[in-house]
> 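Provided herewith is a single structure, encoded as structure tokens, for subsequent inquiry.
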Amino acid sequence: MDIRYVSTRNAGDVRTASEAILQGLAPDGGLYVPTEIPRLDIPLEKLGQMTYQEVAFEVLSRFLTDFTAEELHDCINKAYDEKFDCPEIAPMVKAHGAYYLELFHGKTIAFKDMALSILPYLMTTSAKKQGLDKDIVILTATSGDTGKAALAGFCDVPGTKIIVFYPKDGVSPIQKQQMVTQAGDNTYVVGINGNFDDAQTGVKKIFHDKEMAEELDRKGYQFSSANSINIGRLVPQVVYYVYACARLLADEEIKPGESINVCVPTGNFGNILAAFYAKQMGMPISHLICASNSNKVLYDFFRTGDYDRRRNFHLTMSPSMDILISSNLERLIYQILDRDPEKTSKDMDELNQKGITEISLDLLQKKVPDFYGNYADEEETAKQIRDVYEDTGYVIDPHTAVASSVYDKYKAETGDSTKTLIASTASPFKFTRTVLKAIGADQPDKSDLDLTDDLSKIANVEIPGAIREIKDAPVRHKTVCKVSEMPDVIRKILAE
């Protein structure tokens, strides 16, 4: 089956996988989606006998149909290697009445590693396939984790430069330290005076600036994105849900034919959308539980049908979810609107101009009845960290705690006892003070980095290498700018 990718806003913009990966964001502002979701025609029992890398090949070969088997094996083997600290790549822990899928065993101890470890190889392979003779400039906004994972993935990859914008006061101290100490001659990190939505909107505006694109083209550069708007980020995320379903069956945690629910802490909507795609591929997934923090735009969307960003923005203990414009939701809205690009474009224009777009709640519930939304506020998130630890000794980060708390709410509201997989999206070592404070073991006189020793003892887990390597690393990136200055910062970087 030949899978192509079409813009959510233009039925005439159809690309191969490699073209869509290189393009990132469609010229019309839309996002590329598969023309259809391929079925995974391999029994779950057989998938359960495979390694993570083997499952990745089976999934990616169905989506990226213009890549050869040799090209895919090369990308997969370079991505999922010893940079992950366990051979399973994505292990599971059974605790507190659920299965926690640990997606933080990569280079930067966050789930973004799962896709950003392979994206550079997919992108450089795509460039060769398309005969691209320009350097690729990766332009990315981050709410905390994408930035470091993208920087690590693209560090010193020939033919690429990567520029990451982050809200200077909107990430955790350790997230910031991970980014500003990043090595690599092709890496650039810039703080902005604003929040993540400001950074993301600024990046999107630059992608739409045709004059700037022409200017850079003359200098031998082409923009692309490492954000989850890039289909090369989204498709690899499908892999770990397929792998998890197969492992649960192989480990006899579920029976043949038994379905599971999946609960995901959600910001930009890419991670839970990947679970939705896995379900469409044929995985035994029943309900998709979308967990929000106090920035609960997605909770309100699934309860009312209104996608409304006109609200106060909250800085929370789960910063990677501090988002009011969940970019990947456009892909689901496109699906809800019967894949109609005109209707989707109209709705996205309304969101951009008015701050709200409305979808009939009846239509929403008819088209995607398998989605459930809820949220956890700051007090509930801290309580969940404490409760899970006191109940089981297992320590989770604030993002995972949001999902765990929402899962408890889901069970109480629905009475559904279906076995549930919780996406554990970051290591608690990225949020040491928050976690220790929730447990009741904070020491205010210590820095966040110094507290990692205390957390290691409490959690009975070794300090990850990603933390050890930044403790004494020099700060290499000190640039800060206004949102309006982002284009000029890029010009200056590329002129060096």
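This one's a predicted model, so the numbers in the text were calculated from it and none came from an experiment.
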> Do any N or O atoms from the side chain of Y410 and from the backbone of D416 form a donor-acceptor pair under 3.5 angstrom?
no
> Drop me the distance from L116's CG to K148's NZ, to the nearest 0.5 angstrom.
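Here the rounded value is 12.0 Å.
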> Is there a donor-acceptor pair closer than 3.5 Å between any side-chain N or O of S360 and the backbone N or O of L363?
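Such a contact is found between S360 side chain and L363 backbone.
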> With heavy-atom distances below 4.5 Å as the criterion, would you say the side chains of Q222 and L22 are in contact?
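Side-chain contact under 4.5 Å: yes.
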> Using side-chain heavy atoms (C-beta onward) and a distance below 4.5 Å, is Y5 in contact with F63?
yes
> For residues I490 and I206, report the shortest heavy-atom separation together with the two atoms involved.
CD1-CD1, 3.5 Å
> Can you tell me if N186 uses its side chain to pair, donor with acceptor, with the backbone of F154 under 3.5 Å?
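Yes; at least one donor-acceptor contact below 3.5 Å.
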> Work out which heavy atom in P236 is nearest to a heavy atom in I118; give both atom names and the distance.
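Of all heavy-atom pairs spanning P236 and I118, the closest is CG-CG2, 3.6 Å.
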> How about E342: does its CD atom have over 12 heavy atoms from other parts shown lying under 6.0 Å from it?
no
> Of I162, T160, I136, I21, which meets side-chain contact (heavy atoms from CB on, under 4.5 Å) against S224?
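Among I162, T160, I136, I21, the one meeting side-chain contact (heavy atoms from CB on, under 4.5 Å) with S224 is I136.
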> Is there a side-chain contact between Y241 and V59 in this structure, where contact means two heavy atoms from C-beta onward sitting under 4.5 Å apart?
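Result no, sub-4.5 Å side-chain heavy-atom pair not found.
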> Checking H399 side chain against S320 main chain: does a donor-acceptor pair fall under 3.5 Å?
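Yes: the side chain of H399 pairs with the backbone of S320.
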> Start with the C-alpha gap between S225 and N230, add the side-chain angles, then the distance that decides, and say whether side-chain hydrogen bond (donor to acceptor under 3.5 Å, both in side chains) holds.
CA-CA 6 Å; S225 173; N230 192 312; 5.5 Å; no
> Which of parallel (below 30°), tilted (30 to 60°) and perpendicular (above 60°) describes H73 and F57?
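H73 vs F57 ring planes: parallel.
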> Contact between V190 and M486 at the side-chain level, heavy atoms closer than 4.5 Å - yes or no?
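Of all side-chain heavy-atom pairs linking M486 with V190, none is under 4.5 Å.
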> Checking the side chain of R233 only, and the main-chain atoms of A226 only, is there a donor and an acceptor separated by less than 3.5 Å?
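A pair under 3.5 Å: yes.
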> Kindly indicate, with the supporting measurements, whether the criterion side-chain hydrogen bond (donor to acceptor under 3.5 Å, both in side chains) is fulfilled by Q175 and K430.
CA-CA 7 Å; Q175 285 176 316; K430 295 196 87 159; over 6 Å; no
> For Y375 together with Y299, are the ring centres under 6.0 Å from each other?
yes
> What's the separation between atom CZ in R4 and atom OG1 in T16, rounded to the nearest 0.5 Å?
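Going from the CZ atom of R4 to the OG1 atom of T16 covers 6.0 Å.
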> Tell me, please, which residues at least two apart from D74 pass side-chain contact (heavy atoms from CB on, under 4.5 Å).
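For D74 the side-chain contact (heavy atoms from CB on, under 4.5 Å) partners, ignoring immediate neighbours, are K78.
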> Crowded around E211 CD? As in, over 12 foreign heavy atoms under 6.0 Å?
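It does not: E211 CD has 12 such atoms or fewer within range.
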> Which atom pair, heavy atoms only, marks the closest approach of G184 to C155?
CA-SG, 3.7 Å
> If you apply the rule side-chain hydrogen bond (donor to acceptor under 3.5 Å, both in side chains), what do you find for T108 with Q178, and how did you get there?
CA-CA 8 Å; T108 69; Q178 281 188 303; 5.4 Å; no
> Between F371 and F276 (judged by ring centroids, cut-off 6.0 Å), do the two rings come close enough to count as a pair?
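That pair passes the under 6.0 Å test.
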> If you define the side chain from C-beta out and look only at heavy atoms, does anything of Y240 sit under 4.5 Å from N271?
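Of all side-chain heavy-atom pairs linking N271 with Y240, at least one is under 4.5 Å.
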> In Å and rounded to the nearest 0.5 Å, what is the OG1 to NZ distance from T140 to K112?
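It comes to 10.5 Å.
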> Crowded around K107 NZ? As in, over 12 foreign heavy atoms under 6.0 Å?
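Count not over threshold, so no.
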> Would a 4.5 Å heavy-atom cut-off, applied to side chains only, mark S404 and I396 as touching?
yes
> When you measure from the side chain of E330 to the backbone N and O of T8, does any donor-acceptor pair fall under 3.5 Å?
no
> Once ring-ring contact (aromatic ring centres under 6.0 Å, His included) is applied, do any residues pair with F313, and if so which ones, sequence neighbours excluded?
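Once residues adjacent in sequence are excluded, F313 has no partner under the ring-ring contact (aromatic ring centres under 6.0 Å, His included) criterion.
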> How long is the gap from CG on D340 to CG on D347, to the nearest 0.5 Å?
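D340 CG to D347 CG: 9.5 Å, rounded to 0.5 Å.
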> Can you check whether A79's main-chain N or O pairs, donor with acceptor, with K83's side chain at less than 3.5 Å?
yes
> Return yes if some donor-acceptor pair links the side-chain N/O of Y80 with the main-chain N/O of M114 below 3.5 Å, else return no.
yes
> Are any non-hydrogen side-chain atoms of Y277 and P34 less than 4.5 angstrom apart?
yes
> Set out, in order, the CA-CA distance, both residues' side-chain angles and the distance that settles salt bridge (Lys or Arg N to Asp or Glu O under 4.0 Å) for D197 and R309, then state yes or no.
CA-CA 10 Å; D197 287 329; R309 62 178 173 82; over 6 Å; no
> Looking at R218 and A213, would you say the former's side chain and the latter's main chain have a donor-acceptor pair under 3.5 Å?
no
> For Y166, is the NZ or CZ atom of K176 found under 6.0 angstrom from the centre of its six-membered ring and inside 45 degrees of the ring axis?
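No, cation not above the ring by the 6.0 Å, 45° rule.
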> Enter the distance from R331:CZ to S326:OG here, rounded to the nearest 0.5 Å.
13.0 Å
> Measure from the side-chain N and O atoms of T420 to the backbone N and O of T418, and report whether any donor-acceptor pair falls under 3.5 Å.
yes
> Compute whether any side-chain donor of one residue and acceptor of the other, for D66 and S18, lie under 3.5 angstrom apart.
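There is such a pair between these side chains.
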> Consider side-chain hydrogen bond (donor to acceptor under 3.5 Å, both in side chains). Of N293, T425, N295, which one does S318 pass it with?
N293
> Do V368 and I336 have side chains that get closer than 4.5 Å, going by heavy atoms?
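SC-SC contact between V368 and I336 confirmed.
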> Can you tell me if NZ on K129 sees more than 12 non-hydrogen neighbours from other groups inside 6.0 Å?
yes
